[in-house]
S.K.: 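Got a structure for you, questions after.
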Amino acid sequence: MGRDYDDRMKVYLVGGAVRDKLLGLPVQDRDWVVVGATPDQMAALGYRPVGADFPVFLHPQTKEEYALARTERKQGHGYKGFTVYSAPDVTLEDDLRRRDLTINAMAEDEAGKLIDPFGGAADLKAGILRHVSDAFVEDPLRVLRVARFAARFGSRGFHVADETQTLMRRMADSGELDHLVPERVWQEVERALGEPAPARFFEVLRSCGALAVLFPELEALFGVPQPAEHHPEIDTGAHILLVLEAAARLTPDARARFAALTHDLGKGVTPREEWPKHHGHEDRGAELVRALCERLRVPNEFRDLALAVARHHGVMHRLDELRPGTVLELIESIDLLRRPERLDPFLAACEADYRGRPGFEERPYPPAGKLRAALAAVRAVESGKIAAATGGHGEQIAERIRQARIQAIKAVLSAAEPAT
């Protein structure tokens, strides 16, 4: 930053940049806290104010965020129910105390000295996600944030401290989570889906009771049996988590991971007398996916792919048994002719479903290659030439094109069959 500020002002690197530096990870964003300053002083130094709820400024050269040290006090429900106090007498420790986890409540001064009043470095070394203070319970969004950090650092063995787990359970039981804004919930979900171990996000939420509050459709899957010959894991909830783990291995695409997560929601409402079978769960599941996406304001691209996977994953697994005309109907139902970019995430979600079972993790998934070949064959059919050569009414042209596409699918699928 350079010495472009008053000597009474102290500037510290804080939060994730300090944490990731200690972990040996690349530092993506750097956030700074300024102690002993006023908004007028910051503006006089050329910093541009950008904070709507509390004083945050952009550095005139680096454009990095500099926030004045502040404290927060709970005044209402939800993550916005706070009053903020920011003044030159707020200390660095005061500012760090309001943060969520000890590993995020560390700072570094200009000389590179670590300032760690709450034991974040020790928790980082031990792999513990621990709250800084009892003020943790004042922000319900922190339940989701803790779960997201578990997903981020799950491969490093991080776990939630028992006392933090207790607070999270209290927050879930209190009804405070009901006041979360849907868009913020989805924002945390989308971020968690992009983490290395996204299944940990939902495991942590379930362990504290938050999954039942925020995602009852997922909670309903636990304890629901499936046929053991197809699902050695038996429990549908366990299967969903295995599928999400498989999706995380197959693709970084959060859309595919979300579709994998929600593909079997219909099994949660199968009548008990039909267990362990789940006939018709695809259509039931699609309706639940639609309702979930509407409730959380899920973007259309996530919703549409999830609906396609929920409806068609069973048919996709049986692709070898399908007639060419049925394969064409599948392609059209997923809208792959107009949206070919949907193919890869659709296949990844379906393959994750196949592999999300004990003993199936490394097995090949031939239907993926066959659908890919079938789509390529259909797209190679020259509809314009067929229309020009056919004449007649539109229905006749459409039927000629359809038959040409079916023949093209038949040819590639026949070529893909192993020799006998």
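Residues take their numbers from the sequence shown, with the count starting at 1.
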S.K.: Give a yes or no answer on whether the side chain of T251 reaches the backbone of A247 with a donor-acceptor pair at less than 3.5 Å.
M.R.: no

S.K.: To the nearest 0.5 Å, what is the distance between CD (E190) and CD (E183)?
M.R.: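 That separation rounds to 12.5 Å.
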
S.K.: Does V18 reach the side chain of L114, with side-chain heavy atoms less than 4.5 Å apart?
M.R.: yes

S.K.: Under the 3.5 angstrom rule, does the side chain of D235 hit a backbone N or O of A238 as a donor-acceptor pair?
M.R.: yes

S.K.: Could you state the interatomic distance from CZ (R311) to OG (S333), rounded to the nearest 0.5 Å?
M.R.: 9.0 Å

S.K.: With distance as the sole criterion, is a donor-acceptor pair present between the side chains of Q403 and E399 under 3.5 Å?
M.R.: yes

S.K.: Would the distance check show the side chain of R257 and the main-chain N or O of L193 forming a donor-acceptor pair, the cut-off being under 3.5 Å?
M.R.: yes

S.K.: Let me confirm one number: the CD-CG distance from E188 to L296, rounded to the nearest 0.5 Å.
M.R.: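 Interatomic distance, E188 CD to L296 CG, rounded to 0.5 Å: 12.5 Å.
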
S.K.: Can V185 and F215 be said to form a side-chain contact (heavy atoms from CB on, under 4.5 Å), step by step?
M.R.: CA-CA 10 Å; V185 174; F215 308 100; 4.0 Å; yes

S.K.: Can you find a heavy atom in the side chain of D139 that is under 4.5 Å from one in the side chain of R145?
M.R.: no

S.K.: If you look at every heavy atom in V289 and T262, which pair is closest and at what distance?
M.R.: CG2-O, 3.6 Å

S.K.: Hey, mind stepping through Q187 and R184 against side chain to side chain donor-acceptor pair (under 3.5 Å) and telling me if it holds?
M.R.: CA-CA 5 Å; Q187 186 179 58; R184 289 305 301 271; 3.0 Å; yes

S.K.: Decide yes or no on salt bridge (charged side-chain N to carboxylate O under 4.0 Å, His left out) for R290 and E294, but give the supporting numbers first.
M.R.: CA-CA 6 Å; R290 189 179 297 280; E294 183 175 345; over 6 Å; no

S.K.: Got a salt bridge between E195 and R200, using NZ or NE/NH1/NH2 to carboxylate O under 4.0 Å?
M.R.: no

S.K.: Do Q226 and T236 touch side chain to side chain, with heavy atoms closer than 4.5 Å?
M.R.: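 In short, these two side chains touch, coming nearer than 4.5 Å.
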
S.K.: Strictly under 6.0 Å, is that where the ring centroids of H313 and H281 end up?
M.R.: yes

S.K.: Looking only at heavy atoms, what is the nearest atom pair of G154 and A197, with distance?
M.R.: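 That closest heavy-atom pairing would be CA-CB, 4.5 Å.
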
S.K.: Looking at E64, is its backbone amide N or carbonyl O close enough to the side chain of R30 to form a donor-acceptor pair, meaning the two atoms are under 3.5 Å apart?
M.R.: no

S.K.: Taking the side chain as every heavy atom from C-beta outward, state whether V315 and E329 have any atom pair closer than 4.5 Å.
M.R.: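 No, every pair of side-chain atoms sits at 4.5 Å or beyond.
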
S.K.: Does NZ or CZ of R206 come closer than 6.0 Å to the centre of the six-membered ring of F202, within 45° of the ring's axis?
M.R.: no

S.K.: Using a 6.0 Å cut-off, check whether atom CG of D29 has over 12 heavy atoms from anything other than its own residue.
M.R.: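 Counting neighbours around CG of D29, 12 or fewer heavy atoms of other residues, nucleotides or ligands fall under 6.0 Å, so no.
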
S.K.: Under the 3.5 angstrom rule, does the side chain of H317 hit a backbone N or O of G314 as a donor-acceptor pair?
M.R.: no

S.K.: Tell me whether E361 contacts the main-chain N or O of R355 through its side chain, where contact means a donor paired with an acceptor under 3.5 Å.
M.R.: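 Side chain of E361 to backbone of R355, a donor-acceptor pair under 3.5 Å: no, none is there.
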
S.K.: Is R297 close to W186 at the side-chain level, that is, under 4.5 Å between some pair of heavy atoms?
M.R.: no

S.K.: Between H239 and G356, is there a donor-acceptor pair closer than 3.5 Å when you use the side chain of the first and the backbone of the second?
M.R.: yes

S.K.: Is the side chain of Q165 donor-acceptor paired with the backbone N or O of S207 at a distance under 3.5 Å, no angle test?
M.R.: yes

S.K.: Should V34 and Y47 count as side-chain neighbours, where that means a heavy-atom distance under 4.5 Å?
M.R.: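 No; the side chains remain at least 4.5 Å from each other.
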
S.K.: Side chains of V224 and H278: closer than 4.5 Å at any heavy-atom pair?
M.R.: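 Yes. Closest side-chain heavy atoms under 4.5 Å.
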
S.K.: Within a reach of under 6.0 Å around CD of E382, are more than 12 heavy atoms found that belong to other residues, nucleotides or ligands?
M.R.: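 No, because the 6.0 Å sphere around CD of E382 holds 12 heavy atoms or fewer from other groups.
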
S.K.: Table please: side-chain donor-acceptor pairs of residues 338-347 below 3.5 Å, with sequence neighbours left out.
M.R.:
| from | atom 1 | to | atom 2 | distance (Å) |
| --- | --- | --- | --- | --- |
| R338 | NE | D335 | OD1 | 3.1 |
| R338 | NE | D335 | OD2 | 3.4 |
| R338 | NH2 | D335 | OD2 | 2.6 |
| R339 | NE | E341 | OE2 | 2.4 |
| R339 | NH2 | E341 | OE2 | 3.4 |
| R342 | NH1 | I334 | O | 3.0 |
| D344 | OD1 | R372 | NH1 | 2.7 |
| D344 | OD1 | R372 | NH2 | 3.2 |

S.K.: To the nearest 0.5 Å, tell me how far R19 CZ sits from I103 CD1.
M.R.: 5.5 Å

S.K.: Apply side-chain contact (heavy atoms from CB on, under 4.5 Å) to V378 and L328, showing your working.
M.R.: CA-CA 8 Å; V378 169; L328 177 60; 4.2 Å; yes

S.K.: Closest heavy-atom contact between R170 and V137?
M.R.: NH1-CG1, 4.3 Å

S.K.: Any salt bridge linking D94 with R97? Criterion: basic side-chain nitrogen under 4.0 Å from a carboxylate oxygen.
M.R.: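 Salt bridge between D94 and R97, a charged N being under 4.0 Å from a carboxylate O: yes.
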
S.K.: Could you tell me the separation between the CG atom of L167 and the NE2 atom of H131, rounded to the nearest 0.5 Å?
M.R.: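 It is 4.5 Å, given to the nearest 0.5 Å.
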
S.K.: State whether the number of non-hydrogen atoms from other residues, nucleotides or ligands found under 6.0 Å of R48 atom CZ is greater than 12.
M.R.: no

S.K.: Is the number of heavy atoms from other residues, nucleotides or ligands within 6.0 Å of CZ (R295) greater than 12?
M.R.: yes

S.K.: Can you tell if the side chain of L261 reaches within under 4.5 Å of the side chain of I240, non-hydrogen atoms only?
M.R.: yes

S.K.: Check step by step if side-chain contact (heavy atoms from CB on, under 4.5 Å) holds for R405 and S383.
M.R.: CA-CA 9 Å; R405 288 171 171 173; S383 303; 3.5 Å; yes

S.K.: What distance do E219 atom CD and L205 atom CG have between them, rounded to the nearest 0.5 Å?
M.R.: 10.5 Å

S.K.: Check the pair E108 / I115 against side-chain contact (heavy atoms from CB on, under 4.5 Å), numbers first and verdict last.
M.R.: CA-CA 6 Å; E108 188 180 279; I115 301 168; over 6 Å; no

S.K.: Could you pull out the closest heavy-atom pair between K370 and D320, with the gap in Å?
M.R.: NZ-OD1, 2.6 Å

S.K.: If you compare all heavy atoms of D95 against all heavy atoms of A69, which two are closest, and at what distance to 0.1 Å?
M.R.: OD2-CA, 3.4 Å

S.K.: Of all the heavy-atom pairs spanning A210 and A172, show the shortest one and how long it is.
M.R.: N-CB, 3.9 Å

